[in-house]
Amino acid sequence: AKMDPLVTTVVGTLSTDQATYVKNATLSLGYLERGRVDQIGYKTPEFMGLQYTVAASKILINNNGDEATDDNSVAPSTATATHPGTRYYNLLSYNHKFNDMFKMEAYAGYNLLKSGFYKTYNDYLGALSLTYGEFTLNGEYTKLNREKQMAGSFKMKNTMIQSSVKWTHGDHSVALTWANRKNEEAAKATGTAANNGKYNQIAAGYMYNLNKYVQLRCVYAHYTT
């Protein structure tokens with residue numbers, strides 16, 4: 001969420017399904033949301049800008065779907081069979097303010113899902129944010145790997161890249177973002193590719209704080225799939 005200055009708008013890429021509001025768009029184009037209200041974790045004290053976070057949360061996995069379904073309920077969310085799972089989060093962050101003009105934030109994360117439904121389910125990320133005066137430059141890379149236990153299943157890989165630049169002056173903000181997601185699936189036995197796809201999004205936004213209660217937002221996005 002911190003890497004996308006347009007995350008609070010319809011063109012934000014956090015946990016976004018573009019098919020909801022874009023004609024002919026494919027499913028699951030956005031990034032994955034990792035925050036959970038039932039999550040339990042621990043943050044170490046910050047040392048010279050460095051901090052380590054470890055956490056875990058319970059989820060449900062739909063037996064007929066390709067992805068885990070994050071759910072705060074202990075009961076199955078659908079009529080189909082579900083498999084419980086536990087996701088473990090690891091995040092190393094670095095936050096340093098060099099002077100009144102320049103600051104840097106960096107993140108490295110590794111997440112692991114343990115469930116009888118998947119043989120492998122892990123993802124990792126790297127992110128960097130640089131702020132100099134009124135300008136902020138962000139970049140992020142995420143890779144997700146999945147392989148089901150069932151015979152004849154597919155190895156699935158999702159690669160997500162995001163970058164943005166934002167300028168803020170008083171009550172005015174202007175942002176430009178670019179996001180790319182590539183989906184790859186290949187049968188374990190033959191290596192034959194299936195259900196592959198990729199998408200790009202270029203978005204621009206202007207935000208103006210009318211007062212402390214109201215913000216005006218104007219956004220534009222171009223999608224290719």
Side-chain angles (χ1 to χ4, degrees), residues 1 3-4 12-20 25-41 53-92 107-127 139-162 179-201 223-225:
M3 295 296 107
D4 186 356
T13 57
L14 177 62
S15 192
T16 300
D17 186 350
Q18 263 76 356
T20 303
T26 56
L27 297 174
S28 303
L29 297 182
Y31 282 73
L32 303 178
E33 170 59 76
R34 296 305 189 201
R36 298 289 171 259
V37 297
D38 62 347
Q39 180 173 282
I40 183 170
T53 302
V54 60
S57 65
K58 305 294 289 186
I59 68 170
L60 293 174
I61 301 170
N62 191 323
N63 196 23
N64 295 325
D66 288 334
E67 296 185 2
T69 301
D70 296 289
D71 199 326
N72 293 321
S73 172
V74 296
S77 57
T78 66
T80 59
T82 57
H83 297 261
T86 303
R87 190 189 297 279
Y88 299 94
Y89 310 85
N90 298 273
L91 182 68
L92 181 65
Y107 301 91
Y110 178 75
N111 303 309
L112 180 66
L113 172 64
K114 290 290 187 179
S115 171
F117 191 57
Y118 284 99
K119 181 179 179 180
T120 301
Y121 196 120
N122 60 64
D123 59 88
Y124 52 89
L125 67 90
E140 178 184 7
Y141 176 88
T142 302
K143 187 74 174 280
L144 170 64
N145 302 290
R146 295 170 291 168
E147 183 179 348
K148 295 178 183 179
Q149 292 281 15
M150 64 180 63
S153 64
F154 284 77
K155 289 184 177 181
M156 295 164 278
K157 296 182 180 180
N158 305 100
T159 304
M160 292 157 278
I161 303 172
Q162 178 176 282
N180 173 272
R181 174 165 174 159
K182 185 178 181 182
N183 304 322
E184 299 176 86
E185 298 186 12
K188 289 190 293 184
T190 64
T192 303
N195 300 322
N196 292 329
K198 61 181 179 179
Y199 99 109
N200 288 278
Q201 172 191 292
Y223 302 89
T224 58
T225 59

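Since this is a predicted model, take the numbers as computed values, not measurements. This chain uses plain numbering: 1 for the first residue, then up along the sequence.
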CG of L113 to CG of N122, rounded to nearest 0.5 Å, is 9.5 Å

Report yes or no: does N200 contribute a side-chain atom to a donor-acceptor pair with the main-chain N or O of T224 at less than 3.5 Å? no

Taking every non-hydrogen atom, the tightest pair across N145 and K157: OD1-CG, 3.5 Å

What I'd like to find out is whether the side chain of R146 reaches to under 4.5 Å of the side chain of N158, using heavy atoms alone. yes

Is the number of heavy atoms from other residues, nucleotides or ligands within 6.0 Å of NZ (K182) greater than 12? no

Determine whether E140 and Y107 make a side-chain contact, defined as any pair of heavy atoms from C-beta on separated by less than 4.5 Å. no

Taking every heavy atom of M3 against every heavy atom of G139, the minimum-distance pair comes out as SD-O, 3.9 Å

Can you say whether the rings of Y199 and Y223 are parallel (under 30°), tilted (30 to 60°) or perpendicular (over 60°)? parallel

For the residue pair A179 and T13, what are the closest heavy atoms and their distance? CB-CG2, 3.8 Å

Side chain to side chain contact (heavy atoms under 4.5 Å, CB included) assessment of Y141 paired with T159: CA-CA 8 Å; Y141 176 88; T159 304; 3.6 Å; yes

Which residues satisfy the side chain to side chain contact (heavy atoms under 4.5 Å, CB included) test with Y88, sequence neighbours excluded? A56, T86, K114

Nearest-0.5 Å distance that lies between atom CG in N111 and atom CG in D123: 4.5 Å

Any side-chain heavy atom of R181 sitting closer than 4.5 Å to one from L144? no

Distance (rounded to the nearest 0.5 Å) between Q162 CD and Q201 CD: 8.5 Å

Looking only at heavy atoms, the pair that brings S115 and G85 closest together is CB-CA, 4.1 Å

So T53 and Y89, do their side chains get closer than 4.5 Å, heavy atoms only? no

NZ of K155 to CD of E184: how many Å apart, nearest 0.5 Å? 12.5 Å

